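Predicted model, so just to flag it, every value in this text is computed and none were measured. Reckoned from all heavy atoms, side chains included, excluding hydrogens, waters and symmetry mates. Numbering of ligands and ligand atoms starts at 1, following listing order.
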Amino acid sequence: MQKSQSSQQIEFTPWPLALAESYRERGYWVDCPLTDLLTRAGNPGATAIICGERKFSYGELDQHSSHLAAALAERGLHAGQTALVQLPNIAEFYLVFFALLKLGVAPVNALFSHQWLELGAYAEQLQPSLLIGCSRHKLFANGDFTAQLQKKHPYLHALVLGDTEYTENLQSLLPLESDTGTLERSTEVSPSVFVPPSQVAFFQLSGGSTGTPKLIPRTHNDYDYSVRRSAEICRLSPATRYLCALPAAHNFPLSSPGAFGVFSAGGCVVLAESPEPQHCFNLIARHKVTMAALVPSAVALWLEKNRAERNEQPLASLQLLQVGGANFAEAMARRVPAELGCQLQQVFGMAEGLVNYTRLDDSDEKIFTTQGRPMSDADEVRVLDERGQPVATGETGLLYTRGPYTFRGYYKAPEQNARAFDRDGFYCSGDLVQQNADGYLKVVGRVKDQINRGGEKIAAEEVENLLLTHGDIQQVALVAIPDEGLGEKSCACVITGNAKLKPPQLRRYLREKGLAEYKLPDRFQFLSALPLTAVGKTDKVALRNMMSEKKLQETA
Ligand code: OOB
């Protein structure tokens, strides 16, 4: 049985042998499964997760996840399969994640804001054997979506957690704890041995710039290294109390250093439902949170709330605030230590791999004016012009990178991969950056056709393609418009023959197509023609300028 399971490996683009060997020799890859994170700090009694009124120790998390792995194995799930998981920021997110890692089933963790279009697209690509959702989400409030997916994927097992007592729901799948016989049996299952750490552990989600959302295979070795190194840079320890307020599945709160980094150091993850300031301030004060990670738009809300609190000191325990995911204005960066009384760390990362940090002992100037430098000495960064030539130090160019935790290819996407990587295997992130002489990066723009809406990424093409299926729309282009709160919002520039077409109709249309709410255009602009480039493509630069200069009468 063991043999046939290990032979079933999930497809991914491996690193070239010579590089892989050097990553091992230099100690970046240590061939440990990610599940080791739960026991690495060696204190099973310590609290790993606080979720509302519930607490889970490392021992419990380890045991619960082993039980779930065993229960799933009893249902026929095995290494080499994949799972589609969508859970909010609750302890079960990690419990399920570790159970699947132990079993060797590679999950994609969809964001809780995703709807059936996104989940359907992931299922289409992955052909998962398991679906885990939560009835708090409208997709799982009744059985329709699950039934629909099962019709397409007849071998799909489904597990939907109830809204209130999540773990109790899981217990129905798990052997009872009082049943020691079962306990022994389930702990015997240590399925992680089936998956070599050089193989895929799970899939990260790409922010995307194409029509369909892309999946990023992450191996145990590469992810474990990024987690270990990040935890080291951020000086995590058993005393760390980390507030997870961004969506738990996102690469930033998962591994930069995120919850996984905290687990590796034996600290505690305090789960927040959202970055909403009042909710977070209460959690910080109550649980003496020492560290948090936010996107810039949330920092703005925290600063505002903090000003209003005046004499209260809800953030007294907070030592470090990490900010990343989107452009962070220098003026706001300077306000973080001055007003929130904690240190700032800028983080520029991507689900595909490379993560840059300002270091804790960097000068204020560096911390306020750069997005940090690569976490690893083995990260190779090139800043190139449009002809692929290196630009001079400090000049603007496209960011290309490869390294021990930067992926080598999207899952089953050869055409996309041919465009995303150069001949040397460097991944082009689509970001325009400047690199100083000491390796620090500033993000100054992007060439990828993506809108960064407060850290949530929207692939223009995905929304455009959907709008083009509407009978009244002849042409469309989705562009970013500046927004004070979110940094950017989206504007759909539409050409239609139907003068009566209104934005609410179009938003409803997109919603009915199952598109996530954050991808619905914030504004619609009806035009008589789209500006074109010399070669006849839509000139998005010109369009963006037109929209942001508000030269046109707003129509939504
Ligand atoms: C993080 O990951 P993704 O995959 O959601 O988005 C990556 C993209 C980058 O290519 C860049 O365009 C943008 O988000 N970005 C930033 C930024 N951090 C990310 N743009 C400007 N300044 C920054 N500090 O967003 C992510 C993953 C791990 C850690 C942190 C962020």
Enquirer: Are any of the N/O atoms on Val347, whether in the backbone or the side chain, positioned under 3.5 angstrom from an N/O atom of ligand 1?
Expert: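 Looking only at distances, the answer is yes, because the N/O contact criterion of under 3.5 Å is met.
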
Enquirer: Taking the basic N atoms (NZ, or NE/NH1/NH2) and the acidic carboxylate oxygens, is any pair closer than 4.0 Å for Arg334 and Glu365?
Expert: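 Salt bridge flag = yes for Glu365 with Arg334.
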
Enquirer: Considering only protein heavy atoms, which is closest to atom 18 (N) of ligand 1, and at what distance to one decimal place?
Expert: Gly325 N, 3.0 Å

Enquirer: Taking 4.0 Å as the limit for heavy-atom contacts, which would you say applies to Gln346 with ligand 1: side chain only, backbone only, both, or neither?
Expert: neither

Enquirer: Would you please say whether a donor-acceptor pair under 3.5 Å links the side chains of Tyr410 and Tyr427?
Expert: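 Indeed, the side chains of Tyr410 and Tyr427 share at least one donor-acceptor pair under 3.5 Å.
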
Enquirer: With under 30° as parallel and over 60° as perpendicular, where do the rings of Phe97 and Phe260 fit, or are they tilted in between?
Expert: tilted

Enquirer: Does a side chain donor of either Tyr440 or Asn356 reach within less than 3.5 Å of an acceptor in the other side chain?
Expert: no

Enquirer: Any donor-acceptor pair under 3.5 Å linking the side-chain atoms of Glu339 with those of Asn306?
Expert: no

Enquirer: Lys457 to ligand 1: N or O pair under 3.5 Å?
Expert: yes

Enquirer: Judged by modelled atom types alone, do Gln434 and Thr396 share a side-chain donor-acceptor pair under 3.5 Å?
Expert: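 Per modelled atom types, Gln434 and Thr396 side chains form a pair under 3.5 Å.
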
Enquirer: Taking the non-hydrogen atoms of Glu456, is any one of them nearer than 4.0 angstrom to ligand 1?
Expert: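 Contact absent.
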
Enquirer: Suppose we measure from atom 7 (C) of ligand 1 to each protein heavy atom; which comes out shortest, and what is that distance?
Expert: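 Among all protein heavy atoms, the one nearest atom 7 (C) of ligand 1 is Gly349 O, 3.3 Å.
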
Enquirer: Ligand 1 versus Asp431, non-hydrogen atoms closer than 4.0 Å: side chain, backbone, both, neither?
Expert: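 It is the side chain that touches ligand 1; the backbone stays farther off.
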
Enquirer: Output, in order, the C-alpha distance, side-chain angles, deciding distance and verdict of salt bridge (Lys or Arg N to Asp or Glu O under 4.0 Å) for Asp361 and Arg235.
Expert: CA-CA 11 Å; Asp361 50 9; Arg235 299 185 192 154; 3.7 Å; yes

Enquirer: Relative to ligand 1, is Ala351 under 4.0 angstrom through side chain, backbone, both or neither, heavy atoms considered?
Expert: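 Ala351 to ligand 1: contacts from backbone and side chain alike.
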
Enquirer: State which residue, out of Phe12, Tyr223, Phe203, Phe421, fulfils the ring pair (Phe, Tyr, Trp, His ring centres under 6.0 Å) condition with Phe407.
Expert: Phe421

Enquirer: Classify the contact between Gln204 and ligand 1 as side chain, backbone, both or neither, using a heavy-atom distance cut-off of under 4.0 Å.
Expert: neither

Enquirer: Looking only at heavy atoms, is any part of Gln371 under 4.0 Å from ligand 1, and if so is it the side chain, the backbone, or both, or is it neither?
Expert: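 Gln371 to ligand 1: side-chain contact only, backbone stays beyond 4.0 Å.
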
Enquirer: How does Ser206 reach ligand 1, by side chain, by backbone, by both or by neither, if only non-hydrogen atoms under 4.0 Å count?
Expert: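 Near ligand 1, Ser206 shows nothing, with every heavy atom at 4.0 Å or more.
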
